[in-house]
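Input: a single structure, listed below in C-alpha cells.
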Amino acid sequence: MKLSQYLLALLCPIIMLSSCKKNDDAVTADTKSSFTIEFEHQVNGAALSLNTTRYKNAKGEDFSISTFKYYVSNIKLTKADGTSYLIPESYFLIDESKSTSKTITLTDVPTGDYTRIEYTIGVDYARNFAGAQTGALDPINGMFWTWNSGYIFVKLEGTSPLSTATGKALTFHIGGVLDPNNTIRTFSAEINAANPLRVRTDAKPNMHFIVNAASLFTGVTDISFATLNFTMGGANSVVVADNYAKGLFRLDHIHN
Amino acid sequence: MYACSKNDDDAIAGETLVKFTIPSNFPAPAYNFEDNILTNAGFTLGKKLFYDARLSADKSVSCGSCHQQFAAFANLDHKVSHGVNNCQGKRNAPPLFNLVWQKAFFWDGGVKNIETSPLNAITDTCEMGTDIATIIAFLKNTAPYPELFRKAFGTAEINSQLLLKSITQFTAVLVSGNSKYDKVIRNEGAAFTATELAGYNLFKEKCSSCHTEPLFTDFSYRSNGLDLVSNDEGRANITGLSADLGTFRVPTLRNIEYTFPYMHDGRFYSLDEVLEHYNSGVKQAKNLDEKLKGGIALSAAEKEQIKAFLKTLTDNEFIKNTFYSES
C-alpha cells in the first residue's frame, strides 16, 4: 500500500465523522473530563495479601488466596435527572497481583454531577462470543476459556485445608452467559446526592470501592470448601455469582 | 464509501490476489470480514503462521500438521489428533473449509467465533502446548514476522488480536464449492452418472435431513448411535444438559472421500464402515436421534450408489489449490 493510501485510510474516518457530526454542535468539546476508580481488595475487612495470609470463610473454614482477578465493564453513570451515560468500550481487568490495575481511569466523560454508578461484574454477552479482542479482553490475560468460548468473569484461586482437590486447591473460575448458567451480574450504587460524583474540567474525582474477596462464599449460600472447591462455569458458578452479586463491591467514599 | 475502501496491497505483478467468493448455490455466510478486512498481506501472514511449527512448544507441530490440505485440512489417518510430545488428543481433527458459514466450532460447538478457534490448539498441552505470550515474543523476535505484521496491519504492534485475525484471513477464505456436485447443481455442464444420481436420490431420502445441502450439515448436534453410552460427553460438555449427552455437530460431507478416518473419534476408516454403521450398527443410545431409531436399511447396491454420490462432493480444485499450500 502506498503512503497516499495510508493517508486516505486515516483521513476517511475523520472526514466521515466531521460530516456526520454537524448537528451535534450543541455539545461543545470542552464539556468532557475524567475520573478514577480505585478498587481496594479486602477479605472481610482485612487487607488482601496473596498467599501469605489465612482467612476464614463464613463457615469458619481456613483458606488463602493466590489469585484474585475480575472484570468490570460497561460502566454507566446516571445524573439526578435520570439521564445516563454509558462509557463506551469500558472493559477493565482488575488483578490483585498488578497494583496499577486496581486504579482505573475513565476518560472523555461528560461533565456533570452523577448520583448513580452501575457496571457489569464480568463481560457482556456479545463480547463473550465476539472475534479476537485486545486490551483487557485479550485472551493473553488468562481469562478466556478456549474450549468453551467466553470470559472468566471472576477468578479466585488458593488453598484450604478442607479442600478435597489435589494440593488442597481452591479453583473458582466464574463465567458463562447461557441460561440456565448465566453468571453475568450487575452492580450498582446510589451516590449520596449531597456529595455526588462531580466530573468537572478542573476536577477529576476519585471513587473508592472496597472489594471483598470473601463475598464469593457467602451472601446467599454459605459455601464449604469440603463440598465446593472447584468450579469453571455451570450451576456451581451460578451459586458463587449470586453470592458475590450481593457483597463483592461496596462504594466507600468519593474524593471530589 | 468508495474513497474509503481499501485498495489491494502492494500486489506483485502476476501474483494471485486473495479473494473470498461465495459460490452461487451457497447461502450468506455468518462471518463477513467486516472487522477483519481481507488483504493479500494478511492472508500471506496467516498462511505462514498456519504452517509454522516453530509456534508449538517443541517446534514439531503446526496447524497444518493436524489440518492437512490433501485431506481437505483434516488429519489424514489419525483417529484423534496428535500433538506435541506425541500426545494423543481425544477428538478427530475436522476438515477446515466453508468455516465462514459456521456459527459454532468444534464437535461440541463450544467455540463461537472463527477468530478465536485457534486458541485452544495453541494452548492445549496435547496440541501445540504453548501459550500466547510465548508465541507473541517469538514473532516479535523472528524475521520476517515483524515486517509481515507491519505489511498486513500497518502497525509495528504484534498482539494476539492481530495474530488471530491474520490466521483467520487464511482459514476463512478456504471455500470448497467446486465439486462435481456443485457443477451439476449450478448447471455448469457436468452431469451425474446413473449410479451417482441414484445415490443422490437415496441421499436426499435418507441422509439430508441432517446432512443438509448445500453445506451438507444443518449444524445441529445429534447422536447417530455410535455407542450405547458415549465416552465423550459431546455437546453436554458445553450445555450441561443431559439431553445433549453424546451428541455431536452433524459434520459436513464435502470432500468426505479424503477426510477419513470418520466420526468425532475417528473410529471408522472407510465409507463402507460408515454406511454399515447406519445399516446395522446404530446403537439405542439414550439420546439417539429419532430419525435413526432402527437405523437406515441399505442394500449392497444402495451403498455403492450413495458412495458414488458422496465422491461427487470431492473438490479437487480446492484440495490441489497451491494458493493454500505451504510454500
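Here is the naming used below: chain letters follow the sequence lines, and residue numbers restart at 1 for every chain. These values consider heavy atoms only, across backbone and side chains, with no hydrogens, waters or symmetry-generated copies.
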So, applying salt bridge (charged side-chain N to carboxylate O under 4.0 Å, His left out) with Arg91(B), which one of Asp124(B), Asp108(B), Asp265(B) is it?
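One option only clears the test, and that one is Asp108(B).
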Quick one: which of Lys155(A), Lys102(A), Lys69(A) gives a salt bridge (charged side-chain N to carboxylate O under 4.0 Å, His left out) with Glu96(A)?
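When Lys155(A), Lys102(A), Lys69(A) are each tested with Glu96(A), the salt bridge (charged side-chain N to carboxylate O under 4.0 Å, His left out) holds only for Lys102(A).
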Based on non-hydrogen pairs under 4.5 Å, which of Thr168(B), Ile122(B), Thr116(B), Thr239(B) is most in contact with chain A?
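Of the candidates given, the most pairs with chain A belong to Thr116(B).
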Please determine, among Glu115(B), Lys165(B), Gln161(B), the option with the most heavy-atom pairs under 4.5 Å with chain A.
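The option with the most such pairs is Gln161(B).
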Using non-hydrogen atoms and a 4.5 Å limit, figure out which bit of Thr123(B) sits close to chain A: side chain, backbone, both or neither.
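Side chain of Thr123(B) only, per the 4.5 Å heavy-atom cut-off to chain A.
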Toward chain A, the part of Asn159(B) with a non-hydrogen atom under 4.5 Å:
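Interface part for Asn159(B): side chain.
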Lys/Arg-Asp/Glu bridge criterion (N-O < 4.0 Å) met for Glu157(B), Lys140(B)
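Looking at Glu157(B) and Lys140(B), the cut-off is not met.
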Verify whether the ring centers belonging to Tyr71(A) and Phe153(A) lie closer than 6.0 Å.
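No, the ring of Tyr71(A) stays outside the 6.0 Å limit from the ring of Phe153(A), centre to centre.
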